Amino acid sequence: MQTMQTLNKLVEQLQHIPIVFVGGKGGVGKTTTAAALASQFAAQGQKTLIISTDPAHSLGDVFDVKLTNKAKTLSDNLDALELNPDVIIDAHFAKVERTISGYANPDMLPKIKQHLQLSKSAPGAQEAAMLEAICQHLVDATEHNEYQHIVFDTAPTGHTLRLLSLPEMMAAWTEGLLSQQRRQAKLKGAAEHLAGNKLAENSLTGSKRDISNPFADAKPVDRWQQAVEVLNKRKELFRKAGALLHDKQKTALVFVLTADNLPIEETRRAVTQLKQADLAPAALVVNQLIQPQQQDAFWQQRAARQQKMVANIEHYFSHYPLYAIYLQQTDVRGVAQLQQLN
Ligand SMILES: Nc1ncnc2c1ncn2[C@@H]1O[C@H](COP(=O)(O)OP(=O)(O)OP(=O)(O)O)[C@@H](O)[C@H]1O
Ligand SMILES: [Mg+2]
């Protein structure tokens with residue numbers, strides 16, 4: 001039977017890993033663990049960015065600051081930001097609009113804009129926008145080397161698992177879109193050739209100039225090429241992010257659970273699902289453990305029950321390093337306290 005190690009040992013295990021995802025069931029201590037890891041990396045002089053992908057603003061609450069989509073410095077070597085889905089989705093759709101405007105008939109633009117406005121609230125739209133933002137941060141973090149660690153505090157398990165398996169799907173999907181557009185371009189090119197390029201000229205005349213469309217002044221062929229370039233960039237982003245997520249030297253998935261039946265079951269399912277995506281957790285953190293020596297009969301019983309659950313955890317997850325965090329008297333708040341959590 002393996003014995004659980006303390007959190008500073010996890011910091012040691014992850015010392016050379018640039019990307020850390022902290023996941024787990026609702027309320028088990030993901031935000032606390034992610035914030036503690038980030039604060040402890042920073043305390044060791046490693047420049048760290050912590051990113052919350054959870055719309056509930058709890059990361060800001062833990063640090064007692066208001067976080068936005070822009071990185072804010074919290075202490076030496078520690079920056080934080082919160083990906084706000086509303087802000088991201090606006091930026092994302094503005095980008096989509098520019099891309100589509102690149103190859104759409106300018107007369108259709110008002111209709112397209114209206115459609116996009118409605119699409120913002122379509123199921124999955126926020127998730128896709130968040131995913132692109134996360135992938136961008138992943139790729140930036142590893143390419144620009146600004147941070148030695150980037151720690152993601154995620155929303156509960158199902159959401160995180162989807163996020164982790166989506167980049168590859170999105171890369172394939174974007175490729176599908178591109179090949180469809182390539183076929184259309186060929187057909188359009190042939191048609192334009194037959195019509196003596198009349199089609200191309202007509203599509204530019206007679207329509208109002210749209211200053212929000214950077215491609216508006218370009219010739220259709222140029223607009224087309226620019227749109228393809230945007231899609232190609234997107235595909236490349238998802239491809240790179242997918243590769244990073246599957247690289248054990250680059251990304252660690254840390255699951256937090258408590259010593260209770262439901263979190264244990266959820267973690268077992270998550271590990272199975274990860275396996276299907278060819279991923280595995282780098283470590284498990286068992287949070288809110290009660291010290292075994294207790295005076296009070298109630299707490300004695302709670303501690304004894306937890307010890308049984310811990311034995312189950314050690315049995316089910318014998319392949320993974322296990323770390324323990326004990327239940328604290330109060331909520332853990334602020335960088336100083338988080339650095340001490342062990
Ligand atoms: N070891 C601990 N000792 C004392 N309190 C803790 C501990 N770990 C977490 N908490 C408290 O438990 C609550 C839930 O923790 P936290 O917000 O970190 O969980 P979460 O998994 O991020 O939740 P959510 O799923 O809502 O995002 C918070 O009030 C936090 O301060
Ligand atoms: Mg949280």
Side-chain angles (χ1 to χ4, degrees), residues 4-11 20-41 49-68 74 78 80-85 126-127 130 134 150-164 252-271 281 283-292 294 298-299 302-303 305-307 309-310 313 322-342:
M4 286 199 268
Q5 307 178 73
T6 47
L7 198 64
N8 56 343
K9 292 286 177 196
L10 178 57
V11 174
V20 179
F21 275 87
V22 180
K25 191 172 162 53
V28 292
K30 297 177 292 297
T31 301
T32 308
T33 305
L37 279 176
S39 305
Q40 294 182 23
F41 284 139
L49 171 69
I50 181 163
I51 297 182
S52 169
T53 65
D54 185 354
H57 309 297
S58 16
L59 188 64
D61 292 345
V62 165
F63 286 116
D64 209 13
V65 286
K66 180 145 178 41
L67 297 175
T68 67
L74 302 181
L78 181 60
L81 64 85
E82 188 177 87
L83 294 176
N84 178 331
Q126 281 208 347
E127 199 174 45
M130 285 290 272
I134 290 172
I150 155 163
V151 179
F152 286 92
D153 165 31
T154 67
T157 320
H159 183 250
T160 313
L161 292 179
R162 267 206 309 284
L163 277 181
L164 294 175
L253 310 174
V254 174
F255 273 110
V256 183
L257 69 161
T258 52
D260 294 298
N261 275 321
L262 292 180
I264 293 174
E265 286 311 312
E266 184 159 318
T267 308
R268 290 182 74 188
R269 281 195 297 273
V271 169
L284 301 187
V285 173
V286 186
N287 187 24
Q288 300 184 13
L289 284 175
I290 302 163
Q291 296 285 357
Q294 295 289 334
F298 172 85
W299 286 105
R302 294 285 313 175
R305 186 186 138 78
Q306 270 198 347
Q307 286 312 305
M309 293 290 158
V310 167
I313 292 172
L322 298 178
Y323 298 88
I325 301 179
Y326 282 87
L327 182 68
Q328 311 293 304
Q329 279 190 12
T330 58
D331 284 356
V332 194
R333 291 275 186 273
V335 177
Q337 271 188 34
L338 288 159
Q339 282 176 353
Q340 299 302 317
L341 185 65
N342 233 308

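In this chain, numbering begins with 1 at the start of the sequence shown. As the structure lists them, so they are numbered: ligands from 1, and atoms in each ligand from 1. Keep in mind that what you see is a predicted model, and the values were worked out from it rather than measured.
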Does Val335 offer a backbone N or O that forms a donor-acceptor pair with the side chain of Gln337 under 3.5 Å?
no
Examine distances only and state if a side-chain atom of Gln40 and a backbone atom of Val11 form a donor-acceptor pair shorter than 3.5 Å.
no
Begin with the C-alpha distance, continue with both residues' side-chain angles, and end with the deciding distance and a verdict on side-chain contact (heavy atoms from CB on, under 4.5 Å) for Phe21 and Thr154.
CA-CA 7 Å; Phe21 275 87; Thr154 67; 3.8 Å; yes
Excluding sequence neighbours, so at least two apart, what forms ring pair (Phe, Tyr, Trp, His ring centres under 6.0 Å) with Tyr323?
none
Nearest non-hydrogen partners of Asn287 and Val28, listed with the distance:
ND2-O, 2.9 Å
Pairs of donor and acceptor atoms involving the side chains of residues 253-265, under 3.5 Å and at least two apart or interchain, shall be tabulated with distances.
unit_1: Thr258; atom_1: OG1; unit_2: Asp260; atom_2: OD2; d: 2.9

Proximal protein residues to ligand 1, non-hydrogen atoms under 4.0 angstrom:
Lys25, Gly26, Gly27, Val28, Gly29, Lys30, Thr31, Thr32, Asp54, Pro156, Asn287, Gln288, Ile325, Tyr326, Leu327, Gln328, Thr330, Asp331, Arg333
Kindly indicate, with the supporting measurements, whether the criterion side-chain contact (heavy atoms from CB on, under 4.5 Å) is fulfilled by Val22 and Leu37.
CA-CA 10 Å; Val22 180; Leu37 279 176; 4.2 Å; yes
Does Gln306 reach the main-chain N or O of Gln288 with its side chain, forming a donor-acceptor pair under 3.5 Å?
yes
To the nearest 0.5 angstrom, please state how far the CD1 atom of Ile50 sits from the CG atom of Leu74.
8.5 Å
Taking 2.8 Å as the limit, list every protein N, O or S atom around the Mg ion (ligand 2), by chain and residue number.
Thr31 OG1
